[in-house]
Every structure is written in C-alpha cells, then in structure tokens.
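Not measured: the values here are computed from a predicted model. Atoms within a ligand are numbered from 1 in the order they appear, just like the ligands themselves.
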Amino acid sequence: MTSKTIGPGSTLGIVGGGQLGRMIALAAAGYGLKVHVYCPDADSPAFDVAALATCAAYDDAEALTRFARSVDVVTYEFENIPRGTADLLARHAPLHPSAAALATTQDRLAEKDFVNRLGIPTAPFRAVDTPDDLARALDAIGRPAVLKTRRFGYDGKGQRIIRTEADSDRNALFAEFGGAPLILEGFVGFEREVSVVAARAADGGFAAYDLCENEHRDHILAATRVPAPGLSSETARAALAMAQRIADALDYVGVLAVEMFLVRAPDGSEGLVVNEIAPRVHNSGHWTIEGARTSQFAQHVRAICGWPLGDASRTGGMRVEMRNLIGGEAEAWSTLLAEPGAHLHLYGKGEARPGRKMGHVTRLIG
Ligand code: AMP
C-alpha cells in the first residue's frame, strides 16, 4: 500500500452503514469525495447516499480486500468491528483511526487501563472472567456496581447494575452474560454526564468542540446541550485537556468522543471521571452540523484525508440543543419542519422500533 495525496474526487471507504456513516458520507460529498460504504445489512441508511456499496459480512476477507483496494482511505462509524477486519483493511488502504486505537477503545478493560495510565480517573474496575472473579471483584469494589461486557456494548446494552446481595448470585449473573469476558465497575454517583467531541490530525493538530452535556433516557441519549450549562470554565478546560491527552496518546487521527461523568465533592468542587472513549463521530456531536462552524462529520473527513482541520467554534456563539427522535418521535416530522429554527434530520430508517434512533432535531438558542 502506498500513501498518496487524497483530494476531491478521491474515494472514501466507510465501514458500517448506520446514521453516522450516512452523515459522514453527506459531509464527504460536500467536499467532492466519492463514498463507498461496506455493511452487512442491506437496508443500511448510509447505502442511500453512497456512490458505491458493498453488502457483505465483516469477516468476508475477499469482500473486505476488494473494498479496501477500491478506496483511497478507510474509516469506520462504529467500534465493534473485529480487530482482524481492521488489520486486513489497513494492509490495503490507509485506515483512520488506526487499528491500534480501535483495539484500545473497543475493549472496556484495555480502555480503562489506558486512561488510568495517563493519570486520568475512571470508575474503579476489575476484570471478570469467571464467577469466582465476580465474587472477588464485588468484595473489592462493593455495591452498587455495574457489570458490563468488555466488548460490543452500546446504549446500555450488555450491562447490569448490582445493588444488593440478592442481585449478586455470581453463577446466575455470569450465565446471564453467556460467559462473555466482563468488567465490574464501581457505580459513579455522578451529577451529570458530559462529553468532549474533538478531532486530531496526523500532524498532532487538535480541535475540540465546547463541552457537551448529555441527558439519557433508558440508557439512550435523549438530548445534548452545548455549552454544558452551569459548569465552571476550569472544569470545561480540564475536560478538553483530558481528551487531548487521550487523543495524543492514541496517536489518533479523526474525530473521537470522550464520555465523562461530572462528580461533585461534598465541598462543592467539580471533578471528572472518564466513562468511555468512542473512536468515531458521536451522537453528542450531531449539534455541530448547524451549531458549529465545521460539523464533526466534515471535521472527521478533513482529519482522515490529511486536510487542515476546520474551526470548531460555535456558530455565532449561540447555545445549542440537539434532541434525538427515538422510535415514534420521528412521526412529528411535519410539525418540526414547520417550526422556525428547528433543523430536522431523518436517517431514512424504515421501521420506528422503540429505542431506535430515527433522526434528530437541532435548535440554536440566542
Ligand atoms: P456505557 O455503555 O458505559 O456508556 O453506559 C451507559 C450508561 O450507563 C452511562 O451513560 C451511564 O448513564 C450509566 N453508567 C455506565 N457505567 C456507569 C458507572 N460505572 N456508574 C454509574 N453509571 C454508569
């Protein structure tokens, strides 16, 4: 594989065909790039807006090789692609973020180890590979605690809060997760959830958006407000600095999100605890399409193509609120279209199942 300059007219490969891939593809089109989407699901939202599509499994080496050879650069829109797939892609085309960054961030244990080694706090945690490990981890961490799969979790799937002794039958809990490798985390009594969405370029350039506050409903992001209201400017600066340390240490190229808990000490002081790193564009960055001078999707394309990063400041310094349209909420589309100042995005998904992200709406507020 030889690296070459990527310019307008080049082809960007995106692994994964959900709404994130769709919005990356739309931004790429805005810069005159062609997009090739690779996804196993035939009705993927990103296929609708891509020039080229491959519908094949993530372990189909032949299809992956053909895909990677057909593009000038490859990225992905979700972290649950197997390491072997990432390595294979990287043999045939530049892959950003790298397979190494993906490996660290797709495993909660490797990720927390990595974050702690940078001197950045996380919840206390223990690896759980057997029912006996679980008993020992509960003794060490106490209750309440959160038991999670190490890999392949999202929107609260693959996790369970353990509150009492009665919740703690180690064999039953272990069986519930089907014997998958697990992690037990101490429960963080957070006041709020915040995230940093930022981009890092190959030359180390870094551009962070303002700190976002995230409101979840049933473990799914319901709304993001920017800038996170009511936080001290030191806390906001500290959050952005943590994200930059993480991105630098990963030698990261592209957009990433660092999800954090805001904790408040009895003396009222604010602290930050990192929960998770998403090696991709992120739902809490959707507001940037209208709310920032460069959207997270355009910024990601710039970073992975080796182009200059754009301005990440908020449009006109406005406050911004993004609300997800989940399940039946997207049925209000015509009302939202009629609302002055409401920016509606629909993902083109067929069936509005409960909990399914169907679109989002962004409002810029004075
Ligand atoms: P995650 O899949 O790790 O992003 O977790 C989904 C949601 O569960 C988070 O956004 C939190 O609301 C909650 N959560 C996860 N881990 C913890 C924890 N250790 N302590 C308290 N709440 C948690």
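The contact set between ligand 1 and F190, taken as ligand atoms under 4.0 Å from a residue heavy atom, comprises 12 (O), 21 (C), 22 (N). Shown in contact with R108 at under 4.0 Å from a heavy atom are these atoms of ligand 1, numbered in order with element: 1 (P), 2 (O), 3 (O). Proximity to H219 (heavy-atom distance under 4.0 Å) selects the following atoms of ligand 1: 7 (C), 8 (O).
By the criterion of a heavy-atom distance under 4.0 Å, neither the backbone nor the side chain of N214 is placed next to ligand 1. Contacts with ligand 1 closer than 4.0 Å are made by heavy atoms of both the backbone and the side chain of V188.
Heavy-atom distances between G186 and ligand 1 reach below 4.0 Å in at least one pair.
Between atom 9 (C) of ligand 1 and the options E276, H216, E193, E185, the minimum heavy-atom separation is to E193. The closest heavy-atom contact to atom 3 (O) of ligand 1, among the options Q159, K148, E259, comes from K148.
The two residues G189 and V263 come nearest to each other via the heavy atoms O-CG1, 4.4 Å. Smallest separation of non-hydrogen atoms from V115 and P121: CG1-O, 4.5 Å.
Under a 4.0 Å N-O distance rule, the pair R170/D133 does not qualify as a salt bridge. Residues E329 and R217 are paired through a salt bridge, judged by an N-O separation under 4.0 Å between the basic side chain and the carboxylate. In this structure, E77 does not pair ionically with R280, as no charged nitrogen and carboxylate oxygen lie closer than 4.0 Å.
Tested against E270, the residues R237, R192, R264 include a single salt bridge (charged side-chain N to carboxylate O under 4.0 Å, His left out) partner, R264.
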